[in-house]
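Order of the sequence lines sets the chain letters (A, B, ...), proteins ahead of strands, with each chain counted from 1.
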Amino acid sequence: MLKIENLTKRFGGLAAVSNVSVDFEAGKINAIIGPNGAGKSTFFNLVAGAIAPTEGRIQFQGMDITGMACDRIARLGIARTFQSTMLFEESTVLDNLIVGHRLRTQSRLWDVLINSKRLRDEEKKCRARAEDVLDFVGLSHIGHRLTADISQEEKKRVAFALALATDPELVLLDEPAGGINPEETIKLAALIRKMVDHGVTVCLIEHKMDMIMSLAHKIMVLDHGEKIAEGTPDQIKQNPVVIEAYLGSDDDAAA
Amino acid sequence: MGALQKVSGFIMSPAMKMLLILLAVLFPLAAGNEYQIYVMALAFVWAIAVYGMNIVTGLCGQLNLAHGAFFAIGAYTLAILTVDNGWPFWPAFVAAGAMGALLGFLVGVVSLRLKEHHFAIFTLCVGFIIYLLMDKWESLTHGTLGIINIPAPHGFGLVDFTETTPFYYLALVFLVLSVFFASRISHSLLGRTFLAIRISDDLAASLGINLMRNKVLAFVLSTTYAAVAGALYAGMVRFIGPAEADVAHTFDMITYLLVGGIGTLMGPLVGTLVITWLTQSLQSLEEYRMIVFGPLLVLLVIFSPRGVVGSFTAWRARRRAAAREQQARQTASEKVPPQAGASSIKKGAGNHA
Amino acid sequence: MLQLDHVEARYGSFKALEEVSMSVEQGELVVLLGANGAGKSTLFNTLSGLLKPSAGKIALNGRDVTGLKPSALVAAGVVQCPEGRKLFPEMSVLKNLMLGAYVHRRDKAGIRQTLEQVLSLFPILDEKKDEAAGSLSGGQQQMVAIGRAMMGRPTLLLLDEPSLGLAPLVVKQMFETIKGINEQGTTVLLAEQNAFAALKIAHRAYVIENGRLVMEGDKDTMLGNEEIRRAYIGA
Amino acid sequence: MDLFFQQVLNGLTLGSIYGLVALGLTLVYGILHVPNFAHGAIYMVGAYVSYLTMVDLGYNYWVAMACAAAAVAALSVLCERLVFNPLRDAPPIHDKIAAIGIMMFLEAAVQMQWGAEFRRMPTPYTDIFNIAGLTIPAQRVLIIMGAFSLMAVLHLFLKKTMTGATIVAMAQNREGAFLVGIDANRVAMMTFAISGALAAVGATLFAPINLVYPSMGHLLIMKAFVIIILGGMGSIPGAIVGGLIIGFTEAFGGFYISTDYKDIIAFALLVVILSVKPTGLFTKGVR
Amino acid sequence: NETLNIGFTGPLSGGAALYGENTLHGLQMAADEINDNGGFAVGNETYDIKIVSLDDKYSPSLAAVNGKRLVQQYRTPVIFTPHSGGTFALQAFNERDNFLLMSYTSVPTVTEKGNKLTVRIPPTFTGYLKPFTKIAMDRFGKKLGIANATHDYAKYWTKTFVPVWEAAGGTVVADNPMDYNKSADFYTGVSKVLAAKPDVLFIGGASEPTGLVARQARELGFKGGFVIMDQAKIGEMAKVAGGLKALEGSVGVVPLVDYHTPGSDAFVAKYEKANDGAAPTSEVAFNYFGLYATVAAMQAAGSVDDAGKIRAAMAKGLTTLSAEHNPYGVETIDDKGGMVVDPNIAVVENGKIKIESLSEVMAD
Ligand SMILES: Nc1ncnc2c1ncn2[C@@H]1O[C@H](COP(=O)(O)OP(=O)(O)OP(=O)(O)O)[C@@H](O)[C@H]1O
Ligand SMILES: Nc1ncnc2c1ncn2[C@@H]1O[C@H](COP(=O)(O)OP(=O)(O)OP(=O)(O)O)[C@@H](O)[C@H]1O
Ligand SMILES: CC(C)C[C@H](N)C(=O)O
Ligand SMILES: [Mg+2]
Ligand SMILES: [Mg+2]
């Protein structure tokens, strides 16, 4: 579903992502791990179109989306969350979510000024969608609360819901469990699994190995912008290059 | 429900809106003299422009420092068309709005590529260029002499808008329309779109929102508001000069917006009225009133950063959320034994970790 | 020398530290273990004054230092080498190091001496001393950060994940360096994901979870504890 | 050709003053992210203080300059403490409005105290050199030399001294600066003090070839903002080069195109440059 | 005594504050005198004058607001304003609201548009054009460089002055007006004009910047004469320009202190006494006169609140005005409402101001 070929991104002299090729399958959970500054978030930014690659190609469902504008890519069905959660703190959770479905609506200024039927229908649709996704992430009961007042973990879920409100095929999650305690992390993992069960493909960055290892179907490891390994969790756990660059070895521990 | 809550509930209700409009309609009858009506009408005109600024700055988060210049563009378009080209008032009025939109589009397309302070200072410069053009382009704008004898809005033989009270009602109608459209916009999908851009460009773009198109739209809306207000202003004061485009006006409008509450629906109006009447009542201090007004502004910004309306709505929203929460908790403990839903609420409220 | 008494820290309404009570003795090397987001950095930032505790007391050598400004704490000898390095990227390496000695700026001779120490510890920095810190590789930047902290001649050194982004070989070296610093008399509080290596050079360790200290013990107890091994060292 | 060099001289004079004022502005902006619209009023106060010490109290020009620098530095620090420090976490629009409040206050206060009339500040350096057809009044030479040496001193101060380094450190990484023991308040106050002193010195240099009146800072502050945007916010070379660009644009634009339109030319230049390079001339690509 | 409110709206803060304050000062001075003398009588009633002043920051719309306020809240039958913008804005409703507009501006259009209740206090400048041209051209030559200010008044001047200069056989070699209020430095503009080698420079705006322009022209080697627009006063310019020497060969309006008519001497003496020896500006003098003229007109009309009658009686009132209250010796008022005066001309010769009367100059 997502096919990356020789993707490279340079910031000045620094190659944040360098010559990465990878295939992500539909309906799977794909993980990206790697040390801090390895280029994981940059990789996401490239896929989501937030920044343009220096070299290489990105194909999504057979379509070349390299260098396409962010919002078009979103309309094609790629949604994302950010490493630091961004929400509109001064409005309610539900109000935050309604805009998530905006990209599936047609209303223009004119509709707004005359309050057309189309607008009313679409607003209803957006609200319904917002309620759906809120329910999906298990937060229906806090829809009316101010976003500023909800907990860190709830915000992460709201961010998920916001991504889901765009009706995506593929969701990119950047450190969804960052700053979340182990107990909640497990619940979050369950939620991610549920997303996949509902037909959304997930791609996630995470430093929490327990979570990754139990969740991912496939893992790609980045280091210094380069792909140093790719495979199933078991393969990755055993991979000496990965152990050296990222995981740290048990041998070290034993020695 | 406490009395306080009842009052605050009422303030937000549709009945309140009707009451406000009624008060506004009755104001000329209650006003001690025509001067007060005149000041009120002028404040309404400014408020319309401030509503425009609220769209681009309050909702969409782009600080446009050329706003005063667009106000002047509206005024000049009307003045030039009526005085120099013999157009009747109302067609010229429509043209003024259209000119605001057109120039807003051109300026927006160029300037919205910049972000934050750069955008702000860039528009400051655009505003200054517009001012200088009005000052220097004599063959079109009459230069520093300004344009005199601008006709008042045409009353079709029914009303005489050179009179203060009829003009007051005209301004009121336009104000109500402006607030109505502003409220439509801010409560609609479009307003939510703008809001998403204000939180973060990246977030908005990742939600499939075309940044440029929406920002330009917000910008054009705001300049149209400004131009319409400017045209009304020209029809009221009936003389305009380049000083109308001075940045000081833009800063005045930002002040109104901030005092009333940026990003709120009633903030622009409340802020404009508060400051207008405050300035009028400080007139007795004459040239020294800035000594009072300056520090007042500073204190306000420090101690009431959300403005009058913003502070009120934030306070109310929080209370309502708390009330609903309590309600939810009660019903939960009454009906279902503390299961999934209820327990996680508690957790959320009590222990955020 | 360091005493924490029911310290609590918040980000807005979110409590990142709760009821943290701990103590570190003069000359000790204490490790702080904890998962991502457990609150290690928060604790460190609270200790170095970047964050004001919302409750509780912090005492240094018997003196109450709760809520002091970072500059005052640095002057009192508490220096942090922070997560994410926080270097001055456009300044030269040397300038970065010299700024580390800001509180001792009048003691020119002392500065020179410490600088020599640091440069002999990380010879590569001597080579790169005129280059902009931002242009160095991640590992080298980490060395600058550690070096900068050492320039403050701390009595209590707070190291927040110093091995982050360092190649394994460098990591090994670095742990030896830390051990050396500690042996020369500096008290060290160390947060590490690389728990095993850290524990090996430590005297004692605390485990932090969700902002609370949940366990404490000396090196051997910790290394021997099954749960610890599984949770932080890897099964 | 004489006329050409005359314009070079004019451009330099204007550029020096613009640069000096913009430097203070960019310093505060780069480190504290405060868009200080009151800087023009601060400049104006500087001119008044010099005027008073020199004309009313009869002190020497240089003493007056020192007094102005000290007084205005203190005033700036006061603004920082009372207004900008409490607002450090507020959105930038709040800073702007607060700065405008300060500006209004200062202008009104000066007008109340000393009236609105134009004053002329004498200079002890009244010689006019005529070299190869070029008219070079001594005061203008003083302006150019003064401004450039001040810029050089500032540069050395920031580059070579520990105290200067703390300012730069703060600009590059706030938390990092805290962690090496730099006192944020101290640096903030120092930065405001320097910025104020630069404005005061600029005003004292410039006042003798101009007039002193309460609204004298209006256009200057606009131009200073243009300059720091042009040069890149927070960039010191940017402020200097930006000042010179605007100075030369005005001198040459005013001479070869039209004096009446020279301001349009300067502002249009900015619009063009920013349309091509949205972040200004001197900002680094990273971050 | 009854109190009669007289309104004023003008710039009391911002860039034009000085100008506004000066005009207000003139009104206040006259009002204080009248009150100290026990007020003035109209019919059976004696009135004291209270000047109600409001700041409009030079903004027309604020002037309009102030005008409304003055008329309705303070019942002022007369409003003084010192700027054309404010005048135009007030003219939108002065006839309807029945107040007399005393406008201190020389912009001719304020009276040309036929407003029935407007009086223009200062004379138009047209009387100066020919004598100025003659004096400057005779002494220095026919090439004129224009370097005056860019505000409305200056533009009017230029527009009317240039044809007169050209009709007398002169040429305009450089036309480079400059914004006197906003420019940081005039060197560029002045050197541009001087590059065309003019014999005479036409300058003028507010006195101090005009002085600065003259000074810089001299610094840049200009040796010719100056024609000075009447807004600038030679005496004040000299302070900035570096003494009268720098203004050698200038022709402009006569500073009031050099008028030496009985009226002007009395006024100057009075003013200097009250203001530590500071010389009065024409803004003060004209507005001082303006208020006295108003009072005289009220007395002649027998009404303090019928603006139409007061305006109609203005000419008659002027005849009763004592010389000391009419420092410029205004003779009468024309049909449209403009004050008429026979202007004197000042020429700087050998570092001294020399007065020439208009008729003499033209007779030569
Ligand atoms: N806009 C940018 N300009 C310059 N350099 C950048 C930019 N964005 C990222 N980088 C650099 O690219 C590298 C990769 O950054 P990235 O954010 O992708 O890392 P990451 O793998 O997501 O790390 P983490 O796990 O800490 O989030 C880093 O060295 C970073 O400094
Ligand atoms: N500036 C902040 N604002 C809000 N919450 C924060 C902030 N910084 C940290 N947190 C939250 O506080 C908690 C503790 O974070 P902290 O950075 O102290 O963890 P840590 O143990 O250092 O983790 P890591 O191993 O990832 O460095 C986390 O839940 C984190 O999300
Ligand atoms: C000479 C003065 C009467 C001119 C005045 N400054 C005006 O506004 O027109
Ligand atoms: Mg990342
Ligand atoms: Mg940490």
Is chain E contacted by the side chain of Arg119(D), its backbone, both, or neither, given a heavy-atom distance below 4.5 Å?
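For Arg119(D), no heavy atom lies under 4.5 Å from chain E.
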Under 4.5 Å from a heavy atom of chain E, the part of Gln7(D) involved:
side chain
Show your reasoning for whether ring-ring contact (aromatic ring centres under 6.0 Å, His included) applies to Phe4(D) and Phe252(D).
CA-CA 8 Å; Phe4(D) 178 82; Phe252(D) 284 97; 5.2 Å; yes
Looking only at the side chains, is there a donor atom on one of Tyr187(E) and Lys192(E) sitting less than 3.5 Å from an acceptor on the other?
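There is no such pair between these side chains.
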Heavy-atom pairs under 4.5 Å with chain D - which of Lys239(E), Glu219(E), Met178(E) has more of them than the others?
Glu219(E)
Please determine, among Met104(D), Arg140(D), Glu117(D), the option with the most heavy-atom pairs under 4.5 Å with chain E.
Arg140(D)
Below 4.5 Å, heavy-atom pairs only: which of Ile136(D), Leu211(D), Asn130(D) has the largest tally toward chain E?
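If we count pairs closer than 4.5 Å to chain E, Leu211(D) comes out on top.
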With a 4.5 angstrom heavy-atom cut-off, which part of [X] approaches chain D: side chain, backbone, both or neither?
| X | value |
| --- | --- |
| Ala147(E) | neither |
| Gln216(E) | side chain |
| Ser191(E) | both |

Please work out whether the ring planes of Trp157(E) and Phe125(E) are parallel, tilted or perpendicular, with thresholds of 30° and 60°.
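Ring orientation, 0 to 90° scale: parallel.
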Report the relative orientation of the aromatic rings in Tyr19(E) and Tyr58(E); use parallel for angles under 30°, tilted for 30 to 60°, perpendicular for over 60°.
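Tyr19(E) and Tyr58(E): tilted rings.
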Nearest heavy-atom pair of Leu212(E) and Asn210(D): which atoms, and what distance?
CD2-CA, 3.7 Å
Phe80(E) and Phe8(E): ring-ring contact (aromatic ring centres under 6.0 Å, His included), yes or no, with the steps?
CA-CA 5 Å; Phe80(E) 282 78; Phe8(E) 168 88; 7.9 Å; no
